[in-house]
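Below you'll find the structure, written out as structure tokens, and then a few comments.
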Amino acid sequence: MSPQPFGARLRQAMDNRGPLCVGIDPHASLLADWGLNDDVAGLARFTRTVVEALGETVAVFKPQAAFFERFGSKGIAVLETAVAEARERGALVLMDAKRGDIGSTMAAYADTFLGKDSPLFSDALTVSPYLGYGSLKPAVDLAKENGCGLFVLALTSNPEGQEVQHAVRGDGATIGATMLAHLKEENAGAEPLGSFGAVVGATLGDLSSYDLAVNGPLLAPGIGAQGATPADLPEVFGAAVRNVVPSVSRGVLRHGPDAAGLRDAAARFAEDVAAAVG
């Protein structure tokens with residue numbers, strides 16, 4: 001039996017738990033704010049606290065792989081445990097690793113995060129298409145096989161991204177628009193939602209010149225500490241707003257280590273998002 005596609009599982013999770021993705025970003029400064037040491041023990045306690053507090057209520061967790069990788073194999077072990085425990089609690093896991101390469105190397109990255117036998121097996125993965133969208137094919141193929149999803153960097157919130165994403169091709173389309181067009185083709189005919197999404201910053205303002213109707217999810221970082229609010233989402237995403245997966249990290253995590261504080265903050269963001277997107 002084929003696994004249920006990620007897009008269908010994501011739609012169900014957002015409908016049941018609310019449209020919110022909480023990042024797990026154990027910055028050294030955030031560990032310090034929680035009274036934890038910047039070491040593997042602090043990393044493990046921080047991560048466990050977030051997963052235990054929110055794993056049964058939020059739709060999606062987005063662990064930032066780099067903050068675990070910086071501790072080497074012991075940090076990766078913490079990440080493996082977090083992925084398994086989050087999924088056991090019913091949350092989807094979007095691994096924020098932003099991998100991108102070609103051929104067998106891209107296939108190895110895909111196996112790491114989308115292979116069913118991998119200890120880091122996640123529901124979805126962020127990827128970089130800037131070796132060409134076609135370079136992502138190994139990840140696209142494995143995602144389809146295992147019912148996973150991808151989120152492709154398209155229109156990111158960092159100012160530096162504009163020099164690549166807003167560059168104009170010979171056919172007059174920007175690079176960012178080209179990535180959106182590829183995703184629209186990838187998701188054609190998928191119901192209720194395609195599994196191949198775009199990363200589109202919530203801080204970018206009016207994007208009406210871009211076709212965001214890719215029939216897939218739109219991961220929207222920038223809510224909270226980066227300045228965007230849930231009320232900004234309809235202006236930025238227009239008619240595609242129902243497919244937006246708003247991502248907040250510090251806006252929730254700064255309310256820890258108290259579990260009730262984390263739950264209350266996440267619930268407030270989810271309520272505000274639901275009200276904004278209607």
Side-chain angles (χ1 to χ4, degrees), residues 2-3 5-7 10 23-26 43 60-84 86-87 92-158 160-165 167 169 174-187 194-200 214 216-217 219 221 247:
S2 298
F6 170 73
L10 176 62
I24 304 179
D25 297 355
L43 176 76
V60 184
F61 278 126
K62 183 174 69 66
Q64 171 49 259
F67 290 115
F68 297 85
E69 292 170 338
R70 70 192 184 102
F71 291 103
S73 61
K74 292 181 179 180
I76 296 297
V78 172
L79 182 58
E80 291 173 357
T81 299
V83 169
R87 300 186 79 229
L92 300 177
V93 174
L94 164 56
M95 186 62 68
D96 193 0
K98 300 183 179 70
R99 297 302 198 249
D101 215 300
I102 61 173
S104 59
T105 305
M106 190 66 228
Y109 282 139
D111 284 339
T112 300
F113 299 107
L114 305 176
K116 288 190 293 185
D117 296 328
S118 170
L120 287 170
F121 177 58
S122 302
D123 297 283
L125 172 68
T126 57
V127 292
S128 174
Y130 295 109
L131 290 173
Y133 182 85
S135 68
L136 301 178
K137 188 177 187 301
V140 171
D141 290 347
L142 192 59
K144 290 178 179 178
E145 178 182 335
N146 290 339
C148 300
L150 297 177
F151 285 86
V152 176
L153 302 178
L155 297 168
T156 57
S157 55
N158 62 307
E160 303 89 344
Q162 295 184 16
E163 67 180 83
V164 175
Q165 297 156 15
R169 293 161 34 105
T174 66
I175 301 298
T178 300
M179 297 307 156
L180 293 169
H182 282 302
L183 292 169
K184 187 171 186 175
E185 182 178 357
E186 207 76 69
N187 292 320
S195 298
F196 299 93
V199 180
V200 179
V214 300
L219 180 68
S247 179

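Heavy atoms only, all atoms of each residue included: Ala97 and Ala65 are closest at CB-CB, 4.2 Å.
The stretch residues 68-82 participates, sequence neighbours left out, in these side-chain hydrogen bond (donor to acceptor under 3.5 Å, both in side chains) pairs: Asp38-Arg70, Glu69-Arg99. Applying the side-chain hydrogen bond (donor to acceptor under 3.5 Å, both in side chains) definition to pairs two or more places apart or across chains, those involving residues 129-155 are Tyr133-Glu186, Lys137-Asp141, Lys144-Glu186. Counting only residues at least two apart or on different chains, no side-chain hydrogen bond (donor to acceptor under 3.5 Å, both in side chains) pair has a member in residues 104-119.
In this structure, NE2 in His182 is found 14.0 Å from CZ in Phe196, a value given to the nearest 0.5 Å.
Checked against side-chain hydrogen bond (donor to acceptor under 3.5 Å, both in side chains), Glu163 has no partners two or more places apart in sequence or in another chain. Remark: Phe61 pairs with no residue by the ring-ring contact (aromatic ring centres under 6.0 Å, His included) rule, at least two apart or across chains. Taking the side-chain hydrogen bond (donor to acceptor under 3.5 Å, both in side chains) definition, one finds that Ser122 meets it with nothing, sequence neighbours left out.
Without hydrogens or angle criteria, Thr126 side chain to Lys98 main chain gives a donor-acceptor distance under 3.5 Å. With hydrogens and angles disregarded, no donor-acceptor distance shorter than 3.5 Å links the side chain of Asp123 to the backbone of Leu92. Without hydrogens or angle criteria, Ser195 side chain to Gly7 main chain gives a donor-acceptor distance under 3.5 Å.
Tested against Val60 for a side chain to side chain contact (heavy atoms under 4.5 Å, CB included), the candidates Val93, Leu219, Leu10 yield a single pass: Leu10.
A donor atom on one side chain and an acceptor atom on the other are found under 3.5 Å apart for Asp96 and Gln64.
Heavy-atom neighbours of Leu131 CG from other residues, nucleotides or ligands within 6.0 Å: above the threshold of 12.
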